[in-house]
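Here's the structure, in structure tokens; my notes come after.
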Amino acid sequence: MKTNHNLTQLWKAGRCHAARLAYRLGLSDKYCFPPYFLWGTGTSAYQVEGAHDQDGKGESIWDRFCRSPGNIKNGDTGNIACDQYHRFAQDMELCRRLNLGAYRFSIAWPRVQPLGRGALNEKGMSYYDRLIDELLALGIEPVITLYHWDLPQALQDDLGGFAHRDTVQHFADYTEAMVHRYSDRVKFWTTLNEPWCSSFLGHQTGYHAPGIKDPLIAAQVAHNLLLCHGAGTIAARAAARQKLDLGIVLNLTISEALNPADAHLADKAFARDCGFYLEPLLRGKYSQAALAGIKDFKEQDLRLINQPMDYLGINYYARSLVSSTGKTHPVPGAEYTQMGWEVHPQALRRLLNRIRKDYPEVPPLYVTENGAAYEDLVTQAGRINDTKRLEYLRRHIEQVALAIEDGVDVRGYFAWSLLDNFEWAEGYDRRFGIVHVDFATQERRIKDSGLWYAETARSNKIVLPRNL
Ligand code: IFM
């Protein structure tokens with residue numbers, strides 16, 4: 001079996017190299033991704049699972065936040081969401097039909113440990129057993145995120161959540177329990193998804209749960225989340241039942257100036273924003289400015305944060321624009337998604353290259369999220385011709401291909417999202433899925449973008465225009 005498998009891999013690698021050579025020589029316009037390249041999609045627990053109070057699940061900060069009038073558009077909640085808790089087998093079958101190599105999902109901490117410390121909830125734990133087993137039976141790699149924003153409310157009420165250092169130990173204990181249970185089958189683990197959002201949207205602007213508006217708390221939470229990453233990484237490695245691929249997922253963007261005279265500002269903004277995470281994670285350092293905002297800081301903290309990582313996940317949706325006048329929006333002639341985010345695929349290639357240049361020590365990269373919200377219409381024939389989303393994905397994947405050609409070690413791409421789902425403060429009003437969900441009936445329908453993505457994942461190729 002093993003020899004056959006190796007031979008197949010060799011054969012595939014040979015074909016892929018030949019195809020890439022043909023592309024480089026101008027003999028073909030098809031770009032072949034490396035044979036190990038992982039194609040996936042992602043979701044997160046609160047956005048898709050529903051079953052918010054079933055089988056012993058505890059309350060999360062998002063359950064509480066959604067109940068407060070005015071926090072979420074149309075008063076929507078994740079109580080039912082896509083009902084994936086009950087429909088996971090159907091959803092994983094969709095992943096198979098989409099030819100996905102991997103499915104990225106998160107564990108709802110309050111589902112498996114209702115109070116965030118102490119007793120585990122076996123019914124919640126067994127849900128993820130079933131999900132993982134289903135994926136493996138279909139030949140799809142499970143990629144687990146330990147924290148995608150749904151903190152147990154009890155930790156918020158009793159300790160102040162991530163603002164309190166004790167939460168770091170609770171996160172490490174939770175991580176240890178999850179890795180102990182699932183790492184016999186799951187190799188890919190992510191400690192945190194987009195800690196910038198949990199820190200600053202959750203504690204500075206109050207746009208996300210827990211809805212706090214205090215910049216000092218936000219900075220402390222940002223630091224404590226990095227401590228969670230460090231402590232979680234150590235706990236995961238100690239509990240692992242196989243060699244893990246362990247990393248963190250950051251929403252990184254490249255800052256660019258519309259006016260060339262402002263280029264130095266863009267440079268500074270990149271160093272400040274990406275550096276806030278990459279310096280401590282990869283180099284065990286904070287800038288003076290970052291450090292100044294953190295009240296509860298201990299010298300040994302940086303050693304804890306600076307753990308070796310097997311990969312870095314990057315979520316990219318749009319570039320960030322800077323200008324000395326403060327005016328950047330709207331960019332003349334630019335396209336925007338329904339979120340109001342500028343569509344600028346070339347900046348993804350520049351971001352990947354910039355990270356490699358500024359941080360040569362960075363581990364292999366994955367684009368762990370990329371996608372677009374657009375309004376979808378179901379045609380009479382039952383199709384969803386989501387051409388804009390398809391083009392968004394295609395143009396960004398092209399840029400990933402070009403970054404690989406530039407020499408950046410990108411190992412995979414995950415389209416966000418498998419399903420239309422609960423888009424946080426925007427509720428169900430923003431659809432990111434490559435599969436359409438009718439929230440009244442829970443019917444799923446693969447969109448045209450999904451059909452295109454399935455073919456890309458199957459063939460491991462895209463048609464790449466020349467002179468991009
Ligand atoms: O839906 C979110 C996801 O939960 C985190 N990254 C950005 C996505 C789109 O806003």
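In listed order, ligands and their atoms are each counted from 1.
Within a 6.0 Å sphere centred on NZ of Lys187, other residues, nucleotides and ligands contribute more than 12 heavy atoms.
In summary, of the residues considered (Leu418, Ile132, Thr145), a side chain to side chain contact (heavy atoms under 4.5 Å, CB included) with Phe105 occurs for Ile132 alone.
Side-chain N/O atoms of Tyr127 and Glu49 include no donor and acceptor closer than 3.5 Å. A donor-acceptor pair shorter than 3.5 Å cannot be found between the side chains of Arg111 and His52.
You'll find the ring centres of Tyr174 and His170 outside the 6.0 Å limit.
One finds a salt bridge joining Arg354 and Asp358 here, because a Lys/Arg side-chain nitrogen approaches an Asp/Glu carboxylate oxygen to under 4.0 Å.
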Tabulating one pair per line, provide the atom names and distances (0.1 Å) for every N/O atom of ligand 1 that is less than 3.5 Å from a protein N/O atom.
residue	atom	partner	partner atom	Å
ligand 1	1 (O)	Gln47	NE2	2.9
ligand 1	1 (O)	Trp416	NE1	3.2
ligand 1	1 (O)	Glu423	OE1	2.6
ligand 1	4 (O)	Gln47	OE1	2.7
ligand 1	4 (O)	His148	NE2	2.8
ligand 1	4 (O)	Trp424	NE1	2.8
ligand 1	6 (N)	Glu194	OE1	3.2
ligand 1	6 (N)	Glu194	OE2	2.8
ligand 1	6 (N)	Glu369	OE1	2.5
ligand 1	10 (O)	Glu423	OE2	2.6

